[in-house]
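The structure under discussion appears below in the form of structure tokens.
Labels below follow one simple rule: chain letters A, B, ... track the order of the sequence lines, proteins then strands, and each chain is numbered from 1. Bear in mind the structure is a predicted one, so any value in this text is a computation, not a measurement.
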Amino acid sequence: MKKHMLPKTYDFRKTEGRIYQMWEESRYFEPTNQPQDPNHDPSIKPFVISIPPPNVTGELHLGHGLFVAMEDLMIRYNRMRGIPTLWVPGSDHAGIATQLQVEKDLMKTEGKRREEIGREAFVERTWEWKRKYGGIITQQIRRLGASCDWSRERFTLDNGLSVAVIEAFVRLYEKGLIYRGPRLINWSPGLQTAVSDLEVEYSEEPGKLYYFKYRIKDSEDFIPVATTRPETILGDTAVAVHPDDERFQKFIGKTALVPILDREIPVIADSYVDKEFGTGALKITPGHDINDYEIGERHHLEIVSILNKDATINQNGGPYAGQDRFDCRKNLWADMAEAGLVIKETDYTLKIPRSQRGGEIIEPMISTQWFVEIKPLAEAALEAVKDGRIQIVPDFFTKVYYNWMENIEDWCISRQLWWGHRIPVWYGPDGEMFCARSEELAQEKANAHYGKPVTIEQDPDVLDTWFSSGLWPFSTLGWPDETPDLKYFYPTSVLETGYDILFFWVARMIMSGLEYTGEVPFHTVYLHGIIRDELGRKMSKTTGNVIDPLVVMDEMGTDALRFSLLVGSSPGKDTNLSLKKVEANRNFANKLWNATRLVLTLLEQAPADADTADLEWTQADSWIWARMRQITNNVNRLFTAYQYGEAGRQLYDFFWGEFADWYLEIAKIQVSEGGARAKKTAIALIKTMDKILRMLHPFTPFITEELWGYLKEAANHFGAEVSPENGWEDALIIAQWPEAEELEGWEEDAITEFSLAMEIIRAIRNLRAEKQVKPGSRIGATITAGEQTNSLQELSPTIAALCHLNPESFQIIETLENKPEGTVALVVGPAEIFLPLFDLIDPEEEKKRLQSDLEEVSQQIDRLEKLLSSPFAQKAPADVVQKERDRLAAFQETAEKIQSQLNELG
RNA sequence: GGGCGGUUAGCUCAGCUGGUUAGAGCGUUGCGUUGACAUCGCAAAGGUCGUUGGUUCGAGUCCAAUACCGCCCACCA
């Protein structure tokens, strides 16, 4: 007999690295049926996920942990099902975020601003930064066990992807869906760039509403007006009142004077104005307010811009030129007070637009930017979800998607940054635009246009990072080239990401995919939620409640973290994660380890050469197998429905609560019988443990891979034919996913039969514990089991062993004339158990116990009798009714037995 | 203003084909270690499933209303 080599404790630190290396070296991460193989079969449909590319210089957080765990689970599951599987990894250049990091570093190390070293040097410096830190995040993703095909790793600023970005831009431009022009956009004064509507968040903050007088020219009259931003008065080009407002009717058409500047502006009527709010009159600043901008368009008002790019006041602000906007607010208001124009200030809760990145206050401003005309793209994207070509999981996000797509505004795609894809447009000497796939082509166009060689200059702006991310599912596969990868792997299968970037990323990928490839980029969108702390608070450095996944992995293992994230989350909902939870799952891994050790030990004790031909499975064998089948079916059903968390939970409960707690205990006894029984048990052990490890593998890949290797070796020593043809593949990662399986000669209804034995064992153990019978002392027992006697007798060695009964004085019989002398009786369904513990019993207490049992049972009998005499008996399906009848009969039997025992006690 | 999600044990959450005794982990309490596991085992306490009404033989589960919490979108100066 060979002693198994499974170490006593699980050292996940060592195991994880070694296992990952083994997977990678064996090239298990690469898809089978590679499109460049000569034998490639295009009819086999692959399963493909594009990774949500993390910021190239980012640091691993739990959000990454969740998506990696989730996607890796899907990938591993499909890989095990034998489907060619590709998970494309990569990272995003993350324009603003990365540029800010490098700017900060530049200031720290050299005390310089980026303008001082110039664009070229700055971009080169950023590339260096990327080369230095860009590998960290992908390394960390490996640690999570991600089975991505690293040979296909991509970066959004790679040559190939840059070609894709330019191609996409040029195509849209040529189609007339990209335009450039001055529009009111969201300006980030600190970053000195435009940002899209999505990048602005509104926060409620206390502020003031300022009331003041708008004087009417050549008159003593004035219109009272309220504003939250007095400095914008400098840019007013009208005062608007409601056309039906009697108070202000007389002013419509008159001329008002801008405070301090005395600029003349018209008083107009527009039904947008709310008569009830503020003073009922509205100042109009088309240059710095989106609603005013629209009113301005309706009335053809002049647009006056009062801000510089750094949000100081420009020359249009007269005496305030050069002041910061908030200083100007104070100063202008003070001057107006002096001029007698101020009415009052009241407290008011404002909604301040703030930059999603950095939180500075965003100023609406007129600026010349590039835009994508989005409506045509959005319509196609809407249609793709409506007609089911794309399914969103969970379903309730479909509505959110529709709502956004139906109300979408043109997308501002230009950013005044240096790090990113530069807009492929060049300007001739007179500003003529030449959009081309390269500078050479633009030059040719320009020369042809002017009829002579001219100097052209490229647009300085770069594209919004999301413009390139939007191409990700196909740009990473080689688009615009018709590469074998693109042909075979596109469209991809599932897009898995957080709901917080549904609009930023998912919606744009759908629009881009349809526009450029004519196909949906994926058939399913799976959205997960945000990871919060155990109290449901967002994790933040200021709150100090951030859980670092790297620390967690160090302390409790990657599998424990993954299992916690996967089992704790359900589609589209936020997940509260606590270290306690991870700890519990580390314990789960430990249990898995130890259970396997026991299995291996038992396998050693069983004789491999025994003849099991005539031996049947025990009830316990049948029971665990029947449960295994149920669990397998459940897990498969749940996986199909994307309910991975519930699947993991069921595996956890089954493995721990049934396999480890019960079957392993029984297996010990069965193996100790030796001979064929031991061998038969060993076979059952291998089969169940094998299936458990397979189904847990997508959740906890490292430990299961490790244990499965040992199990396989043990199976080999045990005499199993260990070969891929025989279901023992080279590694668990590529092993076949289990289907519910019949076992020859097993009893399908073992679950109900066996549960009686479990109840009996529990009852005996409880009484022993309650009466403080020494754990080691063996007592006798008599069990009467009526019709169940035969099936129960088969388990008698098990019951004896698990309850520490003395086999000499233990029997299971059909009935008994009288209660044995000196025993105390327990009633379990149709069975009665007599234990020789009468001396330990206080008859009064025992009476009380029996009476309360009887009461409980009587209640059930009443309930069921009522139920069965109600319309239920006629209307409910026969099997459901029968079940209740059986139950009632069982309760009645129990009640009788308890009653007779009470009688005996007197 | 529009939309969505949640409300189940002290805490965090399952319970997604409606089936009659609602589960887990953690926490609490008691008992238990010489062989798989104290990263453990055995057991106990703890819930009128937010409220009201409806559908149904039957509702934590389906429908409607309502309260509270949270989120998203739109942005009344």
**OP:** May I ask you to evaluate whether A:Lys581 reaches the phosphate of B:rC13, defined as a side-chain N or O under 4.0 Å from OP1 or OP2?
**Re:** no
**OP:** Identify the nucleotide, in any strand shown, that forms a Watson-Crick or G-U wobble pair with B:rC40, with both distances under 3.5 Å; if there is none, say none.
**Re:** B:rG32
Original post:
Do A:Phe702 and A:Phe12 have ring centroids that are under 6.0 Å from one another?
Top reply: no
**OP:** Assign each of A:Phe588 and A:Val400 to its nearest nucleotide of RNA chain B by heavy atoms, then name whichever residue's nucleotide is nearer the 5' end.
**Re:** A:Phe588
Subject >> A:Arg765 side-chain N/O to B:rA43 phosphate OP1/OP2 under 4.0 Å >> reply: no
Original post:
Can you check whether A:Lys399 has a side-chain N or O nearer than 4.0 Å to OP1 or OP2 of B:rC4?
Top reply: yes
Original post:
Whom does B:rC62 pair with, Watson-Crick or G-U wobble, provided both distances fall under 3.5 Å?
Top reply: B:rG54
Original post:
When the P atoms of B:rA44 and B:rG19 are considered, how many whole Å apart are they?
Top reply: 26 Å
Original post:
Does B:rA14 have a Watson-Crick or wobble mate here (both distances under 3.5 Å), and if so which one?
Top reply: none
**OP:** Pick the P atom in B:rC71 and in B:rG60, then give their distance to the nearest Å.
**Re:** 30 Å
Original post:
Taking the P atom of each, how far is B:rC63 from B:rC73, in whole Å?
Top reply: 27 Å
Original post:
Are OP1 or OP2 of B:rC57 and a side-chain N or O of A:Lys875 less than 4.0 angstrom apart?
Top reply: yes
Original post:
Are A:Asn634 and A:Gln650 close enough, and set up right, to give a side-chain hydrogen bond (donor to acceptor under 3.5 Å, both in side chains), and what steps lead you there?
Top reply: CA-CA 8 Å; A:Asn634 289 352; A:Gln650 292 211 13; 2.8 Å; yes
Original post:
Quick one: is A:Asn587 getting a side-chain N or O under 4.0 Å of the B:rC40 phosphate, OP1 or OP2?
Top reply: yes
